[in-house]
Every structure is written in C-alpha cells, then in structure tokens.
Amino acid sequence: RPDSGTAARIRGTGIGCAMIWTTWRQHRAEASVGVLILAVLGAAMIGLGSIARNRADALGLPGCGSGCGGALSRLHDDFHSIPPFISALVAIPLVAGMFWAAPLVSREYEAGTHRLAWTQSVSPRRWITVKIALIFATVAAAALVLGLLATWTLDPLSPAFGGRYNSTWYDVQGIVPVAVILFALGAGLAASALIRRTIPAMAVTLVVFAAARFPIHWFRWHFAPLTKHTFAVALSTLVDRPTGAPRDLGT
C-alpha cells in the first residue's frame with residue numbers, strides 16, 4: 001500500500017495529465033490549424049531552398065570570387081518575387097497573439113466557465129500555469145522549427161538581396177521568430193487577463209505588437225555586424241598630419 005507521499009505524487013501526476021488533456025481538448029482546433037500551417041510552410045521552404053541552392057550552384061555561387069556581381073544579379077532576378085511572401089511570415093506571431101492568446105482568459109470569463117474550471121481541486125494559478133506553459137512551449141517549438149528552416153532556405157539568397165539585416169528576412173530566421181511569437185503571446189495573454197473581453201483584447205494585442213515591432217526596423221542597423229577597413233599609412237605621413245582621418249591619410 002503506497003504511503004501518503006507516494007499517493008500524493010500519483011494523484012498529482014493524474015491531475016497534471018488530466019489538465020494537459022483538457023487543454024488539448026479546448027484548443028484542438030487551434031492546434032490543428034497550427035499543424036496545417038507548419039506543414040504547408042515547411043514543405044514550401046524545403047522546396048524553395050532546394051531550388052535556390054541548385055540555381056546558386058549553377059551560377060557558380062558562392063565560389064565565384066570577385067566576379068560574383070553578375071551571378072548575384074541573376075539570382076536576384078530569378079527570385080525577385082520571393083521577398084513579399086517571406087515578409088508575410090512576420091504576421092504569424094501577430095495572428096498567434098490575437099487569435100490564440102487574446103481569447104485564452106477572456107473566453108473563460110465571457111462564457112462563465114471560469115466559475116466551474118477555477119473552483120475545482122486544482123487551484124486557478126496551477127490551472128492557468130499549465131495551460132500557458134503547454135501552449136507557449138508548443139508554439140515556441142514550432143516557431144523555432146520554422147526559424148531554423150527559414151535560415152536554411154534563405155541562406156543562398158541572402159547575398160543577392162542585401163544580406164540578412166537588410167530586410168524583414170531577419171525577423172523570420174534563427175531564434176528571432178521564437179522571441180517575437182513569445183512577445184505576441186505575452187501581449188495577448190496580458191490583454192486577455194486585464195480586459196476580460198475577447199474582441200477588445202485582440203485589438204489591444206494588435207496595437208501593442210505594432211507599436212513594439214515597427215520601430216525595430218529602424219533600430220536593426222545598430223545590430224548589424226561591423227565592417228572593418230584596414231589602411232596602410234606611412235610613418236612620415238602620420239608625423240606630418242597627426243590629426244588626419246585614416247582614410248585621408250591613406251590616399
């Protein structure tokens with residue numbers, strides 16, 4: 001016969017599994033849509049990345065040395081219609097914040113189900129913590145998959161479009177989508193908990209996301225890698241013009 005500590009752990013495990021199952025049942029429609037979006041985008045990125053690599057190899061990139069200008073220009077012309085579609089991925093975190101996080105708490109208040117769900121043996125804090133952790137972790141994992149896949153897809157195209165920092169492509173590569181989508185989910189959840197009405201919470205999420213994200217495009221240049229230039233200047237020139245700029249001294 002198990003002791004009281006073992007029984008409590010078994011009961012806690014059972015409650016945790018039940019809460020996860022309930023969360024899945026409540027959000028299975030959103031999860032199904034998310035899986036469909038992930039599958040479609042993943043297949044499209046794999047196809048695009050394969051085509052881009054084959055074309056770059058055919059043009060001699062990236063091993064063309066100093067004569068890459070013409071090859072990069074042709075690569076840009078071949079894929080000039082891609083940037084608008086890639087930029088559209090920036091809207092995915094906003095959609096997640098508005099339609100997944102904003103209704104998370106407000107829907108419980110509007111439907112009155114919080115009176116039942118939050119008065120059981122499980123405390124309201126534990127109930128909402130499990131829901132938030134499960135949803136946020138799942139969405140963040142999906143965003144990480146898309147971000148890494150986008151990095152692989154756009155790697156052969158980035159030199160032809162001005163580099164990673166030169167467009168909204170930065171927002172869809174690497175771990176950046178994870179940070180952006182967690183911010184959107186956090187904004188939606190905060191609006192949902194404070195306002196307790198779904199439509200106003202969605203509107204506030206849109207405003208907060210836009211106010212925080214749009215200025216980033218002007219600040220991003222400060223995060224770009226530094227460009228280093230090396231100048232050879234004769235010692236006699238430095239003695240004659242000690243206050244001259246390096247570029248002026250080298251000419």
Tell me, do L89 and M45 make a side-chain contact under 4.5 Å, heavy atoms counted?
yes
Does F183 reach the side chain of P93, with side-chain heavy atoms less than 4.5 Å apart?
no
Donor-acceptor contacts under 3.5 Å from residues 68-80 side chains, at least two apart:
residue, atom, partner, partner atom, Å
D78, OD2, R55, NE, 2.5
D78, OD2, R55, NH2, 3.1
H80, ND1, D77, O, 2.7

Rounded to the nearest 0.5 angstrom, the CG-CG distance for L48 and L157 is 6.0 Å
Looking at CG of D171 and CD1 of I92, how far apart are the two atoms once the value is rounded to the nearest 0.5 Å?
12.0 Å
For T205 versus L94, what's the shortest heavy-atom pair and its separation?
O-CD1, 4.3 Å
Looking only at heavy atoms, which two atoms of A101 and L189 are closest? And how far apart?
CB-N, 3.7 Å
Which atom of G147 lies closest to which atom of P177, heavy atoms considered
CA-CG, 3.9 Å
When every non-hydrogen atom of M202 is compared with those of A102, the smallest separation belongs to CG-CB, 3.7 Å
Would L185 end up clustered with V207 when hydrophobic side chains under 4.5 Å apart are linked, directly or stepwise?
no
Salt-bridge test for R197 and E108: reply yes if a basic N is under 4.0 Å from a carboxylate O, no otherwise.
no
Donor-acceptor contact below 3.5 Å, side chain T138 vs main chain L134
yes
Is there a path from V35 to V145 through hydrophobic residues (I, L, V, M, F, W, Y) whose side chains come within less than 4.5 Å of each other?
no
In terms of heavy-atom contacts, V204 and A191 come closest through CG1-CB, 4.0 Å
Short side-chain to backbone donor-acceptor contact, E110 and T198, under 3.5 Å:
yes
Distance from L154 atom CG to I82 atom CD1, nearest 0.5 Å?
9.0 Å
Working note: F136 + I181, criterion side chain to side chain contact (heavy atoms under 4.5 Å, CB included); need CA distance, chi angles, decisive distance, verdict.
CA-CA 9 Å; F136 278 40; I181 206 165; over 6 Å; no
Return the minimal non-hydrogen interatomic distance between W100 and G34, and the atom names on each side.
CH2-CA, 4.0 Å
Between L104 and I135, is a side chain to side chain contact (heavy atoms under 4.5 Å, CB included) present by the stated rule, with each step listed?
CA-CA 10 Å; L104 194 60; I135 294 172; 3.6 Å; yes
Check the surroundings of atom CD1 in I175: do more than 12 heavy atoms from other residues, nucleotides or ligands lie under 6.0 Å from it?
no
How long is the straight-line distance from CD1 of I132 back to CD1 of I128, given to the nearest 0.5 Å?
4.5 Å
Between S192 and V105 (side chain of the first, backbone of the second, donor and acceptor by atom type, cut-off under 3.5 Å), is there such a pair?
yes
Any side-chain hydrogen bond (donor to acceptor under 3.5 Å, both in side chains) involving residues 143-153? Give me the pairs, sequence neighbours left out, ordered by first then second residue.
none
Taking the side chain from S106 and the backbone from R196, do they hold a donor-acceptor pair closer than 3.5 Å?
no
Could you check whether any side-chain heavy atom of Q173 comes within less than 4.5 Å of a side-chain heavy atom of L148, counting everything from C-beta outward?
no
